[in-house]
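This report refers to the structure that appears directly beneath it.
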There are 2 protein chains.
Amino acid sequence: MRRTRFDEWPCPIARTTDLIGDWWTPLVLRDAFAGCRRFEQFQESLGIPRAVLAARLDRLVDEGLMERRRYEEHPPRYEYRLTAKGRAFWDVLAAMWRWGEDWLWEDGAEPPLMLADRETGREVRPVMVDETTGERLDVRTIRIRSRRGARRAAGA
Amino acid sequence: MRRTRFDEWPCPIARTTDLIGDWWTPLVLRDAFAGCRRFEQFQESLGIPRAVLAARLDRLVDEGLMERRRYEEHPPRYEYRLTAKGRAFWDVLAAMWRWGEDWLWEDGAEPPLMLADRETGREVRPVMVDETTGERLDVRTIRIRSRRGARRAAGA
DNA sequence: GACACAGGGTTCACTACTTGAACTGAGTCC
DNA sequence: GGACTCAGTTCAAGTAGTGAACCCTGTGTC
């Protein structure tokens, strides 16, 4: 009776959910973006149980979002760094950031943290657009459909 | 020894994680976007245990992402619909979709599903940009910082 | 009125996952 | 030799997820 797995489902959202549905995982990734690399750094920053942190890092390495490398020979010390796949995940965290910021401080308060440009210091506010048109996504105009249907519709 | 809660943490990612870190929740929302409204529809579409579905819908209603309304008096029947807060969550799912599509079918295969414009049928490919500049987000140029620090830096 | 059926759940026994604290082990510093 | 650091592992207790069965209200049908 294992927890239902989504990682073989045909839907990209399902597969992604399988990964970040593990409790703590998005926060481990957030800390990695913020510069954490060593086991102890993640552990102290988050207050996460050590066994859970070890399991999460292992999975992120297995899935190819992070890599574990030795950065010191004597004594042997390891660090965890984001790979290209892991860095690409930033868009998901940015979307979570923006939605949380907009909707989870409802009594007129503002979150104490913000995203800012590293150089100019100006606030960054992420939004989702369509890559080809550059226009903001509008749920009402989008639907999920099968690619085969799409090919058929295009006459292929 | 309850699961650690993130819903009061100062970081928007942490608060959002608290919500979608519940197993199944992003898939319930996906189905809601795809048009599901009734308990039975969600249950059949996902194959989710009924008790878990009831708990997830309750929470989504509590948090204000969905509302439960009676759509028929005799017999009494209820449906769950997305609120504005819930619809705004689409950007997070779109980010998950895009990342999953790009990185979770690694052996050259394509996911069998796609996002498409409801009318033209053209594929939609979501990307994150900065609202003011319109440029794609680049992790390396962004950092997380405190708003108070920002005010101080701006001389306010 | 008796029976079957549908929607929308609840209850229950069984596991898998989280938690917090303690422990391990390699290697350095003094 | 003793204290200390990093990077984990082990373990008991408790919480959450799973699958199946059950419940209740109300319809429709004989």
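This one's a predicted model, so the numbers in the text were calculated from it and none came from an experiment. Quick note on labels: first sequence line is chain A, next is B, and so on, each numbered from 1.
Closest to the side chain of B:Glu40, from the set D:dG26, D:dT27, C:dG7, is C:dG7. When distances run from any side-chain atom of A:Arg38 to the nucleotides C:dG20, C:dG7, D:dC6, the shortest one goes to D:dC6.
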Write down the protein N/O and nucleotide N/O pairs, taken from nucleotides 10-17 of chain C, whose separation is under 3.5 Å; answer none if there are no such pairs.
none

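Salt bridge annotation for A:Glu123-B:Arg145: absent, with no cationic side-chain nitrogen under 4.0 angstrom from a carboxylate oxygen.
Cation-pi geometry between B:Arg30 and B:Trp97 is not met: the NZ or CZ atom fails to fall both under 6.0 Å from the ring centre and inside 45° of the normal.
The nearest whole Å value for the distance from the CZ atom in B:Phe6 to the C1' atom in C:dT19 is 12 Å. The CZ-P distance, from A:Phe42 to D:dG8, rounds to 11 Å in whole Å. B:Arg77 places its CZ atom 7 Å from the C1' atom of D:dG26, with the value rounded to the nearest Å. The distance from atom CG of A:Leu53 to atom C1' of C:dA21 is 16 Å, rounded to the nearest whole Å. Rounded to whole angstrom, the span from the CG atom of A:Leu46 across to the C1' atom of C:dT19 amounts to 15 Å. If you measure from atom CD of A:Glu44 to atom C1' of D:dT5, you get 11 Å, rounded to the nearest angstrom. Rounded to whole angstrom, the span from the CD atom of B:Gln41 across to the P atom of C:dG7 amounts to 10 Å. Straight-line distance from the CD atom of A:Gln43 to the P atom of C:dA21: 11 Å, rounded to whole Å.
With no hydrogens or angles considered, a side-chain donor-acceptor pair links B:Arg68 and B:Tyr80 at under 3.5 Å.
A:Arg70 comes within contact range of no nucleotide atom at all, as no heavy-atom separation falls under 4.0 Å.
Annotation for B:Thr120 and B:Asp117: closest pair N-OD1, 3.0 Å, computed over non-hydrogen atoms.
Ring-plane geometry between B:Phe6 and A:Trp24 is classed as perpendicular, the angle between the planes exceeding 60 degrees on a 0 to 90 degree scale with a lower cut at 30.
Mapped onto DNA chain D by nearest heavy atom, B:Ile48 and A:Leu57 fall at different nucleotides, with A:Leu57 at the one closer to the 5' end. A residue-by-residue look at A:Pro75 and A:Trp24 shows that A:Trp24 has its nearest nucleotide of DNA chain C further toward the 5' end.
Within the 3.5 Å criterion, the main-chain N or O of B:Thr132 finds no donor-acceptor partner in the side chain of A:Arg125. Listed for the A:Ser146 side chain is no donor-acceptor partner under 3.5 Å among the backbone atoms of B:Leu113. Of the possible donor and acceptor atoms, one in the side chain of A:Arg147 sits under 3.5 Å from a partner among the backbone N and O of B:Pro111.
Using a 4.0 Å cut-off, some side-chain N or O of B:Thr4 falls inside it from OP1 or OP2 of C:dT19. Taking only side-chain nitrogens and oxygens, B:Tyr80 comes nearer than 4.0 Å to OP1 or OP2 of C:dG9.
When the side chains of ILVMFWY residues are joined at heavy-atom separations under 4.5 Å, either directly or via intervening members, A:Ile20 and A:Leu82 end up in a single hydrophobic cluster.
Contacts of residues 13-21 of chain B with DNA chain C (heavy atom under 4.0 Å): none.
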